[in-house]
Student: 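I have a structure I would like to understand better, so I am pasting it below and will then ask my questions one at a time.
Convention: sequence-line order gives letters A, B, ...; per-chain numbering from 1. Note: hydrogens, waters and symmetry copies are ignored here, and every other heavy atom, side chains too, is used.
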Amino acid sequence: MDRKEFLHATGLLATGGAWHRHPTFSKPHAEQQYTIPPYLAPGAVIGITSPAGYITQEEMQPAMQVLQSWGYQLKIGATINKRDFTFGGTDAERLNDLQQLLDDADVNAILCARGGYGLVRIVDGLDWTLFKKHPKWVVGFSDVSVLHQHIHAQCGVATIHSKMTNSFPDDWSRAEPIQVQTISSIHDALAGKRMHYTVPPNGCNKPGLAEGVLIGGNLKTMESLAGTASDINTDGKLLFVEDTGEYLYSIDRMFWNLVRSGKLKNLAGLIVGGFNLKPDDEGEAFGKTLTDIVLEKIKAYHYPVVFDFPVGHQRANFALKCGVRHQLRVTNATAHLTEIT
Amino acid sequence: MITLPPYLKRGDAIGLVAPAGFMPVDKMQTCIATLEDWGYTVVLGATAQSSSENYFSGTDSERQNDLQQLLNDEHLKAILCVRGGYGTSRIIDALDFKTFRSHPKWIVGFSDITVLHSHLLSNYKIASLHAPMAAAFNNGGFNNRYVQSLKAALEGAPADYESGPHEGNRTGKASGQLVGGNLALLAHLVGTPSDANTKNKILFLEDVGEYLYNIDRMLLQLARNGKLKKLAGLIVGGFTDLKDTQRPYGQTVYDIIREHVKAYDYPVCFNFPVSHEAENYALKVGVPYKLVVRDNGVELKEKRSREA
């Protein structure tokens, strides 16, 4: 089924201009204020830790050079070069390293070296007392979605969803434009620049104008946090989701979890990033595209939706400030996501 | 108080339905013949004679309508889901259990059907049967003790199962309602209206084809949701066809599970015959059982209603 047919089939086109009325959408809850950690000036210190999968300092060299070229000092956490099977050290080692950087008053931001799996094993052991008093930027994506959501839910502090040390180009001088742009967006976010992204049109987008606090991350991680202390309230917010290597049926099931746990009904807007799909098994064609899967879940709602937003396990993965208010403007011609300061 | 649907007598009717994935009708012939041999008449729902060419046995509304019709049909005493796959989550909130609640019947199946078991228990306190489905009858399976345990369960014979010792077992005795099913589905249901309470219950888990790290993550979700701390006991069934990451996870599935329950002292048993393989005893979700884990073996016995 092509996209237009689907829109007709689900009756989405019939509601016509209603999509543009979004700014009057009622807010079910008083809006929570999120603390914005101090932005980084040259000379600021970035701590690097590996709270999930393991990585060597050698693999991080390209990232370290670029971060230093931006004028930042680096503090390499004890988990770098550590390895416990798939993890960057034992649970206790990863917990202690992250805790130390969270508590270290000289550290202005914490960059997670890479994702993988492991944060949910240590998140309940972390003590946020000092972090809440002296918030700092926590940076990463994928498995680090656990931290974005936990900090959003439990600390009310903004974080940066972005590429990590393992995504920096080996040779910055030869990097392709998309690599330079995405890596530079981390610098922009850390330095306090107002973020603004323009996205090419997608025939499945739902036009509209919305404002709200941005939050989101990896869809599978979000589902696995449902019903836990790290679960987020999405009411009145701009939610972004991305994932990689999942079957369509599995993505469908995860979106049903969002529906059935009430995460899609009171959104300000929805931002769908990249999904590197795992192909259906032979003879098991799922019969719905990713856009079908998303649109059918939200057909009752009138908020704007943008597809193919450059966030995810892909080269086009730009920095996004979670916990910070943004405006999402989707028209038939284009889509803009702009930080509101 | 849990509602037990009436047990079946010879001549009673069983409806067959495919609420999730597609199954060709020729693959359920042995199941149909066996059910008839057990003395039941078999009614095929539209989705159990589907000519669907995609993943599902029909569109959402076809699957929903078919199951709804069987749920409402007062002549049926049981509904056997012919297979799982994926798809029950897509229709569960559209189903109307009003008629079913006043005329409950046994819902039979496992895997994706965990959604129905959990939903019925958490919303309506109606017992259901976690048990083999149509494919289990094939290749001589209709004769094995696991398919036969479904026959006994439908007839109302109280279950009395034994399972061998396992070095990971934690000995002890427990009494409580059974709750559980497929781990991935139980994790997927957390935070939704189908989520089941596990407090003071005997939880059973099984899964197939999952990565070890993902099993750890799903168990952590249950743990962080408070589902593991107040259990009466834990029954770990088959975790089959497991996958590992390129960098080995470093723990076996037994290590992973034991780690998440090490803070508690309830009995735990491994390799209980509930799984995606042939070893899959019929278990009545919502019904009280007694679990005894000894060094030399495991016993799971259904409690008679007087004791319950």
Side-chain angles (χ1 to χ4, degrees), chain A residues 1 9 52-55 83-88 90-91 116-124 143 146 150 220-232 245-263 280-288 293 296-297, chain B residues 20-22 24 52-56 58-60 84-93 112 115 119 184-197 209-227 244-251 255-256 259-260:
Chain A
M1 186 185 285
Y54 81 90
I55 196 166
R83 178 174 177 181
D84 180 48
F85 292 97
T86 178
F87 300 110
T90 63
D91 287 352
Y117 169 70
L119 262 160
V120 75
R121 293 179 57 87
I122 62 170
V123 68
D124 288 329
D143 195 55
V146 174
H150 191 84
K220 182 74 189 171
T221 305
M222 196 176 303
E223 184 191 43
S224 75
L225 297 178
T228 75
S230 312
D231 200 5
I232 52 168
E246 294 285 350
Y247 286 112
L248 278 165
Y249 89 83
S250 180
I251 289 168
D252 188 64
R253 191 163 70 182
M254 293 187 251
F255 270 101
W256 279 112
N257 176 270
L258 298 192
V259 170
R260 304 190 72 220
S261 61
K263 288 196 176 63
D280 294 334
D281 286 340
E282 189 72 30
E284 299 269 278
F286 189 66
K288 292 173 202 296
I293 287 170
E296 70 174 7
K297 308 294 184 298
Chain B
F22 166 78
S52 163
E53 290 189 349
N54 69 18
Y55 182 87
F56 298 105
T59 64
D60 288 350
Y86 166 68
T88 310
S89 298
R90 294 182 56 88
I91 61 171
I92 186 77
D93 287 327
D112 198 58
V115 175
H119 191 82
L185 272 303
L186 293 173
H188 158 71
L189 295 177
V190 175
T192 77
S194 308
D195 192 11
N197 190 336
E210 290 287 349
Y211 282 97
L212 286 168
Y213 83 86
N214 200 36
I215 287 172
D216 188 62
R217 182 161 66 181
M218 294 189 288
L219 284 165
L220 270 164
Q221 184 175 11
L222 299 193
R224 299 185 76 214
N225 184 249
K227 284 193 162 47
D244 200 356
T245 34
Q246 199 182 350
R247 310 169 188 219
Y249 188 73
Q251 281 187 306
D255 297 337
I256 292 171
E259 184 190 341
H260 292 298

Student: By a 4.5 Å heavy-atom criterion (distance strictly below it), what part of B:Leu222 contacts chain A: side chain, backbone, both, or neither?
Tutor: neither
Student: Among A:Arg83, A:Glu284, A:Arg121, who wins on heavy-atom pairs under 4.5 Å with chain B?
Tutor: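 Most pairs with chain B among the choices: A:Arg121.
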Student: Starting from the C-alpha separation in whole Å, work towards a yes-or-no answer on side chain to side chain contact (heavy atoms under 4.5 Å, CB included) for B:Glu259 and A:Asp91.
Tutor: CA-CA 12 Å; B:Glu259 184 190 341; A:Asp91 287 352; 4.2 Å; yes
Student: Please state whether the side chain, the backbone, both or neither of A:Lys297 comes within less than 4.5 Å of a heavy atom of chain B.
Tutor: side chain
Student: Can you say whether A:Phe286 sits under 4.5 Å from chain B via the side chain, the backbone, both, or neither, judging by heavy atoms?
Tutor: both
Student: Where does A:Phe87 contact chain B at under 4.5 Å (heavy atoms): side chain, backbone, both or neither?
Tutor: side chain
Student: Determine the option with the most heavy-atom pairs under 4.5 angstrom with chain A, choosing from B:Ala223, B:Gly85, B:Ser194, B:Ala184.
Tutor: B:Ser194
Student: Is the shortest heavy-atom distance from the side chain of B:Asp216 to the side chain of A:Tyr117 under 4.5 Å?
Tutor: yes
Student: I'd like to know which of A:Asp252, A:Asn257, A:Val120 tops the heavy-atom pair count under 4.5 Å against chain B.
Tutor: A:Asp252
Student: Any chance you could lay out the side chain to side chain contact (heavy atoms under 4.5 Å, CB included) test for B:Gln251 and A:Phe85, step after step, and finish with the verdict?
Tutor: CA-CA 9 Å; B:Gln251 281 187 306; A:Phe85 292 97; over 6 Å; no
Student: Tell me, side chain or backbone of B:Asp195 under 4.5 Å from chain A's heavy atoms, or both, or neither?
Tutor: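 It is neither, since no heavy atom gets under 4.5 Å.
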Student: Considering non-hydrogen atoms only, spot the tightest contact between A:Lys288 and B:Arg90 and give its length.
Tutor: CE-NH2, 3.1 Å
Student: So for B:Phe56, is it side chain, backbone, both, or neither that comes closer than 4.5 Å to the heavy atoms of chain A?
Tutor: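 When you check distances to chain A, only side chain atoms of B:Phe56 fall under 4.5 Å.
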